[in-house]
Amino acid sequence: MYFDYKGCCNTKVNTCIIFFKGAIKLKEKLTIGEMAKLRGMTTETLRHYDRINLFKPQYIDSHSGYRYYSIFQYEVLGTIKELRQLGMSTDEIKDYFNERNFSKSLDILKVKHADLVSKLNELTDLEENIQKKIEYLDQISREKELQTVMFHKIGARKLITLNEKINNNLELCYGVIRLENMLAEKSPILASNRLGILIQEADLKSKRFEEPSVIFVVAKNKEKIPKQHQRIIQAGLFACIRYNGELLWNRSESLSKIMDYLDEGGYQITGDALQIMHVDITITDKPNEVTFEIQVPVQKV
């Protein structure tokens, strides 16, 4: 029997609606292709479910050996589809079908809802992180001046640090990995001005500009940091300069320029300086685009 209008399955009759070129055919036995189309799945998915004994065709033709699904299996397949959308594995779904009851179904929904909320929170954190990175990169795209001393008021910052001096690039690689592993957030370092090193005040005043330094990551306010790895940089005025080079070396010229500028202007250093990766190799592989910013805390004498 054929109809020209859309209908739905009726479990009280031995029929089903299948769409063929704009017409509708009602029948109970369905080929794998018909069942797949009806449920919006691929035939390979149904074959896989058959192989693992999750959802098998109900009929086998005794003459041809062809296998057919029954329309009355639609509820089981629909449930499998929804449970997969909830993130359940095929093994979990098999266990679910072994003994379905109200309490078990409610518990599953509660667990999957909690998982979904957790994932949504992670995505929200990631979205906020990416948005801040975009804003940061947009800003620095307009600030390309190098080797010029500028003064900025910067708010208080909380640092995560290993409290270990880095002597070479090998130690730097392992140090950065350890710092990243201490962070709970997603994509913390890529395209950010949060990774850097501390230059001790005594080394600045003695003009030992290339001494081994302690690396750090600027923490977010909600980040929980063990006290032994926590360092607070107070808000204040900072003399800043940007330059091309490397994190552990090539900062002497820029620091010398800052020190001379401070001496001439009547400023004194009030603490350790921060050398921050401004644009690093996570953003570009062009040496002339890799920049760092040195921030020296100062006050007018």
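Computed from a prediction, not measured in an experiment: that's the story for all the values here. Side chains are part of it too, since the values below use all heavy atoms of this structure and drop only hydrogens, waters and symmetry mates.
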Judged by atom type as modelled, is there a donor-acceptor pair below 3.5 Å linking the side chain of R178 to the main-chain atoms of L162? no

Taken in chain and number order and not counting sequence neighbours, the residues that satisfy side-chain contact (heavy atoms from CB on, under 4.5 Å) with L123 are none

Steps toward side chain to side chain contact (heavy atoms under 4.5 Å, CB included) verdict (F292, Y243): CA-CA 6 Å; F292 300 87; Y243 71 98; 3.7 Å; yes

Could you go through residues 46-55 and list every donor-acceptor pair under 3.5 Å that involves a side-chain atom there, pairing it with any protein atom two or more places apart or in another chain?
from	atom 1	to	atom 2	distance (Å)
R47	NH1	T43	OG1	3.1
D50	OD1	K56	NZ	2.6
D50	OD1	R67	NH2	3.1
D50	OD2	R67	NH2	2.6
R51	NH2	E44	OE2	2.8
N53	OD1	K56	NZ	3.2

Any pair with a residue in residues 226-235 that passes side-chain hydrogen bond (donor to acceptor under 3.5 Å, both in side chains), sequence neighbours left out, goes on the list, sorted by first then second residue, please. R231-D272

My understanding is that a hydrophobic cluster links ILVMFWY residues whose side chain heavy atoms are under 4.5 Å apart, including indirect links. Using that, what else belongs to the cluster containing I177? none

Does the gap between the ring centers of Y267 and F151 come in under 6.0 Å? yes

For K205, enumerate each residue passing the salt bridge (Lys or Arg N to Asp or Glu O under 4.0 Å) test, keeping only those at least two apart in sequence or located in another chain. E201

Please step through side chain to side chain contact (heavy atoms under 4.5 Å, CB included) for the pair Y261 and I241, ending with a clear verdict. CA-CA 11 Å; Y261 194 95; I241 192 170; over 6 Å; no

Set of residues satisfying side-chain contact (heavy atoms from CB on, under 4.5 Å) with respect to E145, sequence neighbours excluded: T148

For a side chain to side chain contact (heavy atoms under 4.5 Å, CB included) with H278, tell me which candidate from T291, I294, L146 qualifies. T291

Side-chain donor or acceptor of S213 paired with backbone N/O of I199 under 3.5 Å: no

Return the CD1 to CD1 distance between I80 and I93, rounded to the nearest 0.5 Å. 6.5 Å

Pair Q295, R157: side-chain N/O donor-acceptor within cut-off below 3.5 Å: yes

